[in-house]
Amino acid sequence: MFLSVFDMFKIGIGPSSSHTIGPMIAAARFLDHLRGLPFGVAGLRASLHGSLAFTGVGHATDRAVILGLAGFVPSAYDATRAEAELLRIKAEGHVEVEGLGTLRFLPDTDLVFDYGAPLPGHANGLRLMATDAQGDVIAQETYYSIGGGFVVTEAELGAEPPAPAATFPHPFATAAEMLQMARASGKSIAQMKRANELALMGPNALDDGMRRIWAVMRACIDRGLETGGTLPGGLNVKRRAKAIREALERERGLNLTAPHVINDWISTYAMAVNEENAAGGQVVTAPTNGAAGVVPATIRYWLDHVPGASEARVGEFLLTASAIGGLVKHNASISGAECGCQAEVGAASAMAAAGLAAVLEATPEQVENAAEIALEHHLGMTCDPVKGLVQVPCIERNGLGAIKAVSAASLALRGDGTHFMPLDNCIEAMRQTGADMSEKYKETALGGLAVNIPNC
C-alpha cells in the first residue's frame, strides 16, 4: 500500500485526527453514498463506538459528525461558519445537504454514544444511517477511523488492498527494503520518496502541496506562540506557549543562559501547535493530531536555531519523515486507540528524527538509525487523556517527543549508521506492545493519568 506524503500530513482541524478528521471524512463519504442511491432519504442518524464513544465529547467527535453530516470537510474548515451552523442544527433539528436537501437530524436523539463493546473491526467505530419519512433505517454504513484521518468501511477493512494506481520506482514496504534500494540506487530516502510521489502527480503539485503543508504548520506555531488564555473543555488548562516564548525572548543574549534552554524552545514550538489543536484550530496531522506538534517543532528548531538551515529543504524533511511514517502505519499503527501513544507521539518522533537527520546530511543508514532511536524510547507509552481531552498529558508530551527527535538525530549522526536494533524490529515491537496493552490505556480515558488526577 503506497502512502503519500499527503497521507501522513493532512490539513485539518483539532483536536483529534481519529475523532474529528476521520469521522468528518466518514460523514462526507456517507453523504456521497446517499447521493448515489435511487431513492430519497428524509433523515440521518449516527452511533459512536469504542474510543469514539468513551472520549468522543472531549475529542469533539460529536461536533465533527454533526458538521460532517452538514457537509463540512476538514481541509476547508471555517470555524466561524461551523459554530453558527452547529447552533442552527441544534435549534432547528435538521441539516441542509447539497444534493440531498433538508434532512432531519436532532443531535440529542439521533447521535448516540454507545458505551458497550467496541465494534469488531477497530476501537474507533461509527455507524451512519439514513432514514425514510417514518424514521425507518433504509441505508447504513459502518466506518472505522483508523488513525491519522484514515477512514475505511467495514468491507474495506477486511478486503485485500486495491492494486496500485501506478508503478513506483522504489516500492519499499520495510526499512530493510528502503535501505537496500537506497544502496542500489545511490539515492537518499527523500529522493526515492520523491520519485514515488511523482508517479502519481507532477512536480509542481508535489512541491506546492508540501509548501502548503509547511505554511499551515508554521502558521499554527505562530498562532500558538501569540495566544494566551485557557483551553476549552473544563480542565481549566492554561495556554503556556506564549508566556514561555516571551520569557525566552527576554533571556536572549544573557551570558548566564544555560545550554539546555534550547529544549525549552523546542518544547514551546510543539506546545504552541498542540494548544492550537486542543482549541480546535487548524493543524496538520503529523501523522495524527494528537502528535501534530512534534514534526513542525523539529523543523522550526532546525530553521531558527541551526546554522545553514533553509526553507528550501523543508520538502526533503517532509518526504523523509513521511517515508518513516508510512512504514510505521503499514507495519503497525499510528492510532492511539489501537496501540497507545507510542503509535502517535512515538511515530511522530521517529518521523521528525529521520527528517532532521536527512537535512543534516545523514546517510540513509543514519536516518533509519535516528528513527529507530526515537521510536524505541517511546515503546509502551499509553494514551490516557484526562477527561478525554487532548490536553493532559498530550500537549507536553509533544514537546518531549520533539526533544527526543532532536536527540535521536544527533546520536545517529555521531555514528556510522550501524546499530543493534533495526527499525523494522522496533516497529514490530511497537505493534506487539500495542496488542498486549490493556484497553484502559488506549484512548478510553479509563486508566493511567486519566484516573489519577488532583482531587482539589
Side-chain angles (χ1 to χ4, degrees), residues 170 172-194 259-260 262-263 265-267 270 286-287 291 294-295 297-303 305-310 313-328 331-332 342 345-381 399-431 433:
H170 308 288
F172 53 85
T174 66
E177 291 176 355
M178 179 182 72
L179 292 179
Q180 183 180 24
M181 291 179 186
R183 286 189 289 267
S185 67
K187 294 180 182 292
S188 69
I189 293 168
Q191 288 171 333
M192 293 192 301
K193 182 65 174 165
R194 181 177 181 85
H260 65 251
I262 192 61
N263 287 338
W265 278 107
I266 298 169
S267 289
V294 178
V295 168
T298 306
I299 297 175
R300 184 69 172 262
Y301 156 76
W302 171 62
L303 288 173
H305 301 275
V306 178
S310 168
R313 297 187 68 187
V314 169
E316 181 182 348
F317 191 117
L318 294 174
L319 287 167
T320 306
S322 67
I324 299 303
L327 294 177
V328 176
N331 296 300
Q342 59 174 353
V345 170
S349 188
M351 292 166 64
L356 180 60
V359 295
L360 294 178
E361 313 300 343
T363 65
E365 288 78 12
Q366 289 172 317
V367 169
E368 184 262 1
N369 187 195
E372 185 276 328
I373 293 170
L375 183 59
E376 180 179 68
H377 297 290
H378 284 88
L379 290 180
M381 181 174 281
L400 274 292
I403 290 171
K404 285 186 182 181
V406 173
S407 296
S410 184
L411 279 175
L413 285 161
R414 294 293 181 182
D416 61 4
T418 59
H419 56 103
F420 183 81
M421 181 61 64
L423 176 59
D424 287 328
N425 296 67
C426 190
I427 292 172
E428 173 59 15
M430 190 197 81
R431 186 194 67 78
T433 302

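Predicted model, so just to flag it, every value in this text is computed and none were measured. Excluded from the calculations below are hydrogen atoms, water molecules and symmetry mates; all remaining heavy atoms, backbone and side chain alike, are included.
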If you compare all heavy atoms of [X] against all heavy atoms of [Y], which two are closest, and at what distance to 0.1 Å?
X: Ala358; Y: Thr320; value: CB-OG1, 3.5 Å
X: Thr298; Y: Ala405; value: OG1-CB, 4.1 Å
X: Val367; Y: Ala354; value: CG1-CB, 3.6 Å
X: Leu303; Y: Ser310; value: CD2-C, 3.6 Å
X: Val328; Y: Ala347; value: CG1-CB, 3.9 Å
X: Ala350; Y: Ala371; value: CB-O, 3.4 Å

Hey, could you give me the [atom1]/[atom2] distance between [X] and [Y], rounded to the nearest 0.5 Å?
X: Ile262; Y: His260; atom1: CD1; atom2: NE2; result: 11.5 Å
X: Ile266; Y: Ile403; atom1: CD1; atom2: CD1; result: 5.5 Å
X: Leu179; Y: Asp424; atom1: CG; atom2: CG; result: 8.5 Å
X: Leu360; Y: Phe317; atom1: CG; atom2: CZ; result: 9.0 Å
X: Ser407; Y: Leu400; atom1: OG; atom2: CG; result: 10.0 Å
X: Lys193; Y: His170; atom1: NZ; atom2: NE2; result: 12.0 Å

Using the side-chain hydrogen bond (donor to acceptor under 3.5 Å, both in side chains) criterion, which residues pair with [X]? Sequence neighbours excluded.
X: Asp416; result: Thr418
X: Glu428; result: Arg431, Gln432
X: His419; result: Glu368

* **Within 6.0 Å of CD in Glu177, more than 12 heavy atoms from elsewhere** => yes

* **All pairs passing salt bridge (Lys or Arg N to Asp or Glu O under 4.0 Å) where residues 349-364 contributes a residue, at least two apart** =>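 Non-adjacent pairs meeting salt bridge (Lys or Arg N to Asp or Glu O under 4.0 Å): Arg313-Glu361.
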
Is there a donor-acceptor pair closer than 3.5 Å between any side-chain N or O of [X] and the backbone N or O of [Y]?
X: Asn369; Y: Gly417; result: no
X: Asn331; Y: Ile427; result: no
X: Lys404; Y: His377; result: yes
X: Ser322; Y: Leu319; result: yes
X: Thr433; Y: Ala429; result: yes
X: Ser410; Y: Val406; result: no
X: Gln342; Y: Met430; result: yes

* To do: May I ask you to test the Leu375-Ile324 pair for a side-chain heavy-atom distance under 4.5 Å?
  => no

* Please assess Val359 against Val306 for the test side-chain contact (heavy atoms from CB on, under 4.5 Å), listing each intermediate value before the final yes or no. => CA-CA 11 Å; Val359 295; Val306 178; over 6 Å; no

* With sequence neighbours left out, write down each residue that passes side-chain contact (heavy atoms from CB on, under 4.5 Å) with Thr363, or none if nothing qualifies. =>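 For Thr363, the residues satisfying side-chain contact (heavy atoms from CB on, under 4.5 Å) (neighbours in sequence not counted) are Glu365, Gln366.
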
* Tell me, please, which residues at least two apart from Trp302 pass ring-ring contact (aromatic ring centres under 6.0 Å, His included). =>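 Trp302 satisfies ring-ring contact (aromatic ring centres under 6.0 Å, His included) with no other residue.
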
